[in-house]
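What you see below is based on every heavy atom in this structure, not just the backbone, and it leaves out hydrogens, waters and symmetry mates. Numbers restart at 1 for each chain; the letters A, B, ... are given by sequence-line order, proteins then strands.
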Amino acid sequence: MPELPEAEVMRRAVARWALGREVAGVEVGDPAVLRGLGVEALVGQRLEAVERWGKQVVLGFEAHAAVIHLRMTGKVIRVGAGEERSVRVAWRWADGALPVGVIDRRRLGHVTVVRRGEEAGAVGELGPEPWPGVLSGEALAAQLRSARSAVKAALLEPRRVGGVGNIVACEGLWRAGIAPHRPVGSLEPEAWAALGEGLWAACDAVITAEGETEEIRFVSEGAPPEGFAVYAREGERCRRCEGVVTRAQLGGRGTWWCAGCQR
DNA sequence: GCTGTTGTTGAAGC
DNA sequence: AGCTTCAACAACAG
């Protein structure tokens, strides 16, 4: 499932593929994923910017923008490059370059067309993001302070921190040495600062590893899990101490942490 | 055939 | 009111 790092790698790929090109036509494979103004409105417009808002990829055309919410299984691909199953919507380019499309096996994602400048309304309320800048301990504490819940549950709320998903939350907490079930109110200033650094490093590690890849792979598709210290590694020895990686449900989500060095 | 995933939201509960 | 928890969405693996 795409989180901030995967969305960033896809953003870069789409920019390489299509920035500056003009839309010649739109293929709709599944009208149910479409929201907002009709996708036909984009025909004839040049792609001026490819942005990432949290986990969402935003295609900025001259007068409109397409906000792509990938949710669980969504992925932005080039149609014709070998991965085009379940194409929900695709844009053809006037110069004949391979179309760019959105695939989404489980159809939880959607594509919303809005007027340029109104992207925020489609993206939804989004807190500050942990990458590319490091969130300071003060900034993190300010965003999470009002929560009464476990620190990991609060991290997964998009309004508090943008772009953090289950993997980034688990890995960031491990890097910071913080147990996921600790109540938000129990973190001291040093822990908040370490968490900001940990979340940044968890994101940056994936972005660096995936580099300029053309076809991002998710964990569910066998992406190399060596980069993860705790996520989906139940029962394995911690890389940092003698502890063992533990799994539990927290806030309804699978959560992995090292009981030895995450306090 | 039922359960468990998984992100996000909106409704229900406290 | 303000916060937390949970169902729903959809599809598939086990």
Side-chain angles (χ1 to χ4, degrees), chain A residues 1-11 29-36 52-58 67-76 83-89 102-112 114 119-131 141-173 180-187 199 202-203 206 216-223 225 228 230-234 246-257:
Chain A
M1 55 306 308
E3 300 185 15
L4 185 157
E6 289 85 358
E8 174 63 19
V9 174
M10 282 188 252
R11 184 196 70 74
D30 181 5
V33 309
L34 300 178
R35 305 275 155 85
R52 179 190 56 74
W53 291 45
K55 305 170 183 173
Q56 301 175 59
V57 176
V58 178
V67 178
I68 303 170
H69 198 146
L70 302 162
R71 287 284 190 113
M72 303 295 300
T73 54
K75 188 185 289 189
V76 187
E83 213 183 352
E84 54 271 19
R85 287 174 305 164
S86 317
V87 178
R88 307 300 174 187
V89 59
V102 176
I103 60 174
D104 185 6
R105 225 182 41 201
R106 279 167 54 182
R107 304 170 65 218
L108 282 174
H110 39 81
V111 176
T112 308
V114 296
E119 294 90 339
V123 168
E125 209 179 333
L126 204 61
E129 303 184 25
W131 188 95
Q143 289 303 114
L144 302 190
R145 188 167 290 140
S146 66
R148 302 283 139 77
S149 55
V151 60
K152 192 219 172 199
L155 280 173
L156 291 177
E157 293 179 41
R159 280 172 308 165
R160 297 185 186 278
V161 188
V164 175
N166 209 25
I167 298 173
V168 169
C170 289
E171 293 296 309
L173 285 163
H181 39 77
R182 267 182 74 176
V184 162
S186 74
L187 298 210
L199 292 170
C203 290
V206 175
I216 187 121
R217 298 175 73 80
F218 301 149
V219 179
S220 58
E221 298 171 323
F228 300 133
V230 289
Y231 183 81
R233 303 183 90 79
E234 183 179 10
T246 309
R247 181 191 187 281
Q249 288 278 122
L250 204 160
R253 292 287 176 269
T255 302
W256 291 263
W257 77 99

Specify the separation, in whole Å, of atom CD of A:Gln143 and atom P of C:dC3.
-> 13 Å

Nearest-nucleotide pick for A:Arg107, side chain only, options being B:dT6, B:dT8, C:dA11 = C:dA11

Result for side-chain contact (heavy atoms from CB on, under 4.5 Å) between A:Pro5 and one of A:Ile167, A:Ile216, A:Val206 points to A:Val206

Kindly point out which of B:dT8, B:dT5, C:dC3 is positioned nearest to the side chain of A:Gln249?
-> B:dT5

Give a yes or no on whether A:Gln249 atom CD has more than 12 heavy-atom contacts from other residues, nucleotides or ligands under 6.0 Å away.
-> yes

Whole-Å distance separating the CH2 atom of A:Trp53 from the P atom of B:dT8 = 16 Å

Given atom CG of A:Leu70 and atom P of C:dC9, what is their separation to the nearest angstrom?
-> 21 Å

Side-chain N or O of A:Arg106 less than 4.0 angstrom from OP1 or OP2 on B:dT6?
-> no

Using atom CG of A:Leu156 as one end and atom P of C:dT4 as the other, report the distance to the nearest whole Å.
-> 13 Å

Mark yes or no for a side-chain to base donor-acceptor pair under 3.5 Å between A:Arg253 and B:dT8, with no hydrogen or angle criteria applied.
-> yes

Rounded to the Å, how far apart are A:Leu250 CG and C:dC6 C1'?
-> 15 Å

Heavy-atom side-chain contact between A:Trp256 and A:Asn166 under 4.5 Å | yes

Taking the side chain of A:Ser146 as heavy atoms from C-beta outward, which of B:dT6, B:dT8, C:dC3 is closest to it?
-> C:dC3

Once you round it to whole Å, what is the distance between P of B:dT6 and CG of A:Leu108?
-> 13 Å

With a non-hydrogen cut-off below 4.0 angstrom, is A:Asn166 in contact with a base, only sugar-phosphate, or nothing?
-> sugar-phosphate

Any A:Gln56 side-chain nitrogen or oxygen under 4.0 Å from OP1 or OP2 of B:dG7 | no

What are the two closest heavy atoms between A:Leu199 and A:Ala169, and how far apart are they?
-> CD2-CA, 4.5 Å

A:Arg71 CZ - B:dT5 C1' separation (whole Å) = 15 Å

Across the strands shown, which category fits A:Ala153 at heavy-atom distances under 4.0 angstrom: base, sugar-phosphate, nothing?
-> nothing

Phosphate oxygens OP1/OP2 of B:dT5: is one of them under 4.0 Å from a side-chain N or O of A:Arg247?
-> yes

A:Tyr231 OH to B:dT6 C1', straight-line distance once rounded to whole Å | 8 Å

Electrostatic pair A:Arg52:A:Glu8 at N-O distance under 4.0 angstrom | yes

NA contact type, A:Arg105, heavy-atom cut-off 4.0 Å: base, sugar-phosphate, or nothing?
-> sugar-phosphate

Nearest nucleotide by nearest heavy atom, which residue falls closer to the 5' end of DNA chain B, A:Met72 or A:Arg159?
-> A:Met72

